[in-house]
Amino acid sequence: MGFSDLSPPLQGTIFTFFLCAYIFTLVSNGLIILTISLESILQKPMYFFLRNLSVHELCFTTVTVPKLLQAFISKDLSISFLACAIQMFIFFTIGVSECVFLGFMAFDRYMAICHPLRYSSVMRANLCYLLTMVSWIFAVVNAVVHCSLLFRLPYCGSHLIAHFFCDVPPLISLACVNTFSIEVCLLILSATATVIPTVLIICSYINILTSIFQLHSAESRYKAFSTCGSHLVSVVIFYGTAMFVHLRLDNPFSSYNDRMLALSYCVIIPTINPMIYSLKNKEMKAAIRKLSHKHFRFQGLNKQKNYNNKCYSGIKSK
């Protein structure tokens, strides 16, 4: 149903906002991925994690926002049963993987601040790739169990999904059987996907804060806080909204409230994360400027070469 229950002028405003947010998400995260991949100065564990986070954000917003935009401009708001299952599988795979990945990023910050001399020896490329693989495998298994439980339920009666994508709460509300046991299983799955990374994040930040307060220089403390602040803000927003929506058992599904909360981690966070994490980072900004200068210089050389070729061909013909 998307936001079809809102007034047409408000729908137009929301459509414009979502479209601009989606374009900015694609461009900014794509720029981050390209810059980190091409610039040798950014081949560090921290930027490896930032690049993977940008990949998560791109996929996370692409699996939900295009369908939402279509709902604003199309009269056909239907989605097939198979498409709904595929969308939910991809959504949970990316969402759970990002939950785990944020935990690994907290561990990376813990090693950088609490054990700086051991950081380069511990956070090697092999470990970074292993952590990434673990996050995706765990996410795929979680998503398979989620979807296998949900899409075996009988859905009789209303087939109207009061949401802008196929999420657990609106689908559970459409089932025509007692879903208490299924909800308990889904709650355990969601808790496993969020609580374990949360414990890792809390433990990492307890040690980080302890180390920071032991620093004598105010400048050193500020620098340490600045490297962790962006991660902590993103974690609080992402985990807070996701837990409130999915870690509920007795609360009934609220269409409007859950849609508003889902917007925060489907649209808002992927839009602001590039600005929080990367685009304010000095090394990243310097690398983006360097990459843009290379591009414009290459374009200029190509234009000069084409101009010289034209002049040479003109002289030759004369």
Practice task
Find out whether Thr93 and Trp136 are in side-chain contact, i.e. whether some heavy atom of one side chain is under 4.5 Å from a heavy atom of the other.
Solution key: yes
Fill in the blank from the handout: Sorted by chain and residue number, the ring-ring contact (aromatic ring centres under 6.0 Å, His included) partners of Tyr129 (sequence neighbours excluded) come out as Phe48
Practice task
Provide the full list of disulfide bond (SG atoms under 2.5 Å apart) pairs with a residue in residues 164-216, sequence neighbours left out, each pair given once.
Solution key: Cys84-Cys166, Cys156-Cys176
Problem - Arg109 versus Ile208, closest heavy-atom pair with distance - result: C-CD1, 3.9 Å
Handout entry: Worked check of side chain to side chain contact (heavy atoms under 4.5 Å, CB included) between Leu174 and His159
Key = CA-CA 7 Å; Leu174 299 180; His159 291 167; 5.6 Å; no
Problem - Between CG on residue Leu50 and CG on residue Leu42, distance to nearest 0.5 Å - result: 9.5 Å
Problem - Test item: Phe138 and Thr192 side chains (from C-beta on) under 4.5 Å apart, heavy atoms - result: yes
Handout entry: Donor-acceptor contact present, side-chain Arg51 to main-chain Tyr47, <3.5 Å
Key = no
Practice task
Identify, with sequence neighbours excluded, every residue that meets ring-ring contact (aromatic ring centres under 6.0 Å, His included) alongside Phe165.
Solution key: Phe91, His163
Handout entry: salt bridge (Lys or Arg N to Asp or Glu O under 4.0 Å) pairs, two or more places apart, involving residues 35-45
Key = Glu39-Lys290, Glu39-Lys294, Lys44-Glu283
Fill in the blank from the handout: d(Leu171 CG, Leu150 CG) to nearest 0.5 Å is 6.0 Å
Practice task
Count the heavy atoms of every other residue, nucleotide or ligand shown that sit under 6.0 Å from CG of Leu130, and state whether that count exceeds 12.
Solution key: yes
Practice task
Indicate yes or no: at least one non-hydrogen side-chain atom of Ile113 is less than 4.5 angstrom from one of Tyr119.
Solution key: no
Completion exercise
Output for pair (Ile182 CD1, Ile172 CD1), nearest 0.5 Å, gives 7.0 Å
Practice task
Verify whether the ring centers belonging to Phe49 and Phe104 lie closer than 6.0 Å.
Solution key: no
Practice task
Could you tell me whether Phe81 and Phe151 have their ring centroids closer than 6.0 angstrom?
Solution key: yes
Problem - Under 3.5 Å donor-acceptor, Thr61 side chain and Leu58 backbone - result: no
Handout entry: Distance, nearest 0.5 Å, that separates CG of Asp108 from SG of Cys128
Key = 7.0 Å
Practice task
For Ser121 and Arg118, indicate whether the former's side chain and the latter's backbone hold a donor-acceptor pair under 3.5 Å.
Solution key: yes
Handout entry: Leu53 and Leu102: CA distance, side-chain angles, deciding distance, side chain to side chain contact (heavy atoms under 4.5 Å, CB included) verdict
Key = CA-CA 8 Å; Leu53 183 66; Leu102 287 170; 4.2 Å; yes
Practice task
Consider only side-chain heavy atoms of I, L, V, M, F, W and Y, link residues closer than 4.5 Å, and tell whether Leu10 and Leu77 are in one cluster.
Solution key: no
Problem - Under 3.5 Å: donor-acceptor pair, side chain of Ser148, backbone of Val145 - result: yes
Problem - Results of salt bridge (Lys or Arg N to Asp or Glu O under 4.0 Å) for Lys67 - residues two or more places apart only - result: none
Handout entry: Nearest-0.5 Å distance that lies between atom CG in Leu69 and atom OG1 in Thr64
Key = 9.0 Å
Problem - Interatomic spacing from CG in Leu200 to OH in Tyr110 - rounded to 0.5 Å - result: 10.5 Å
Exercise for the section: Quick one: name the residues clustered hydrophobically with Ile206, using the 4.5 Å side-chain heavy-atom rule over I, L, V, M, F, W, Y, and just say none if it's on its own. Expected result: Ile202
Exercise for the section: Classify the side-chain pair Asn52/His56 by whether it contains a donor and acceptor separated by less than 3.5 Å. Expected result: no
Practice task
Please check if Val65 and Ile86 belong to a single hydrophobic cluster, counting links between Ile, Leu, Val, Met, Phe, Trp and Tyr side chain heavy atoms closer than 4.5 Å.
Solution key: yes
Exercise for the section: Assess whether side chain to side chain contact (heavy atoms under 4.5 Å, CB included) is satisfied between Val63 and Gln87, documenting all intermediate values. Expected result: CA-CA 7 Å; Val63 78; Gln87 185 187 50; 4.1 Å; yes
Practice task
Identify the two heavy atoms, one from Ala162 and one from Pro170, that lie closest to each other, and give their separation to 0.1 Å.
Solution key: N-CB, 4.5 Å
Problem - Min side-chain heavy-atom separation Glu57-Glu98 under 4.5 Å - result: yes
Practice task
Determine whether Leu131 and Ile196 fall in the same hydrophobic cluster, where Ile, Leu, Val, Met, Phe, Trp and Tyr are linked whenever their side-chain heavy atoms lie under 4.5 Å apart.
Solution key: no
Problem - Flag, side chain of Asn178 to backbone of Phe180, donor-acceptor distance under 3.5 Å - result: yes
Exercise for the section: Only pairs at least two apart or in different chains count here, so list each salt bridge (Lys or Arg N to Asp or Glu O under 4.0 Å) that has a residue in residues 22-36. Expected result: none
Exercise for the section: Please report the shortest heavy-atom distance between Ser135 and Ser97, naming the atom on each side. Expected result: OG-OG, 3.5 Å
Practice task
Can you sort out the partners of Thr25 under side-chain hydrogen bond (donor to acceptor under 3.5 Å, both in side chains), two or more places apart, ordered by chain and number?
Solution key: Thr271
Fill in the blank from the handout: Applied to residues 15-24, the salt bridge (Lys or Arg N to Asp or Glu O under 4.0 Å) test, sequence neighbours excluded, yields none
Practice task
Please check if the distance between the ring centroids of Phe89 and His146 is under 6.0 Å.
Solution key: no
Problem - Nearest non-hydrogen partners of Tyr205 and Ala106, listed with the distance - result: CE1-CB, 4.1 Å
Problem - Partner set under side-chain hydrogen bond (donor to acceptor under 3.5 Å, both in side chains) for Asn29, not counting sequence neighbours - result: Ser54
Practice task
Not counting sequence neighbours, which residues clear side-chain hydrogen bond (donor to acceptor under 3.5 Å, both in side chains) with Ser181? List them please.
Solution key: none
Side-chain donor-acceptor pairs of residues 14-23 under 3.5 Å, sequence neighbours excluded:
unit_1: Thr16; atom_1: OG1; unit_2: Gly12; atom_2: O; d: 2.9
unit_1: Tyr22; atom_1: OH; unit_2: Thr62; atom_2: OG1; d: 3.2

Problem - Taking every non-hydrogen atom, the tightest pair across Cys114 and Pro116 - result: C-CD, 3.4 Å
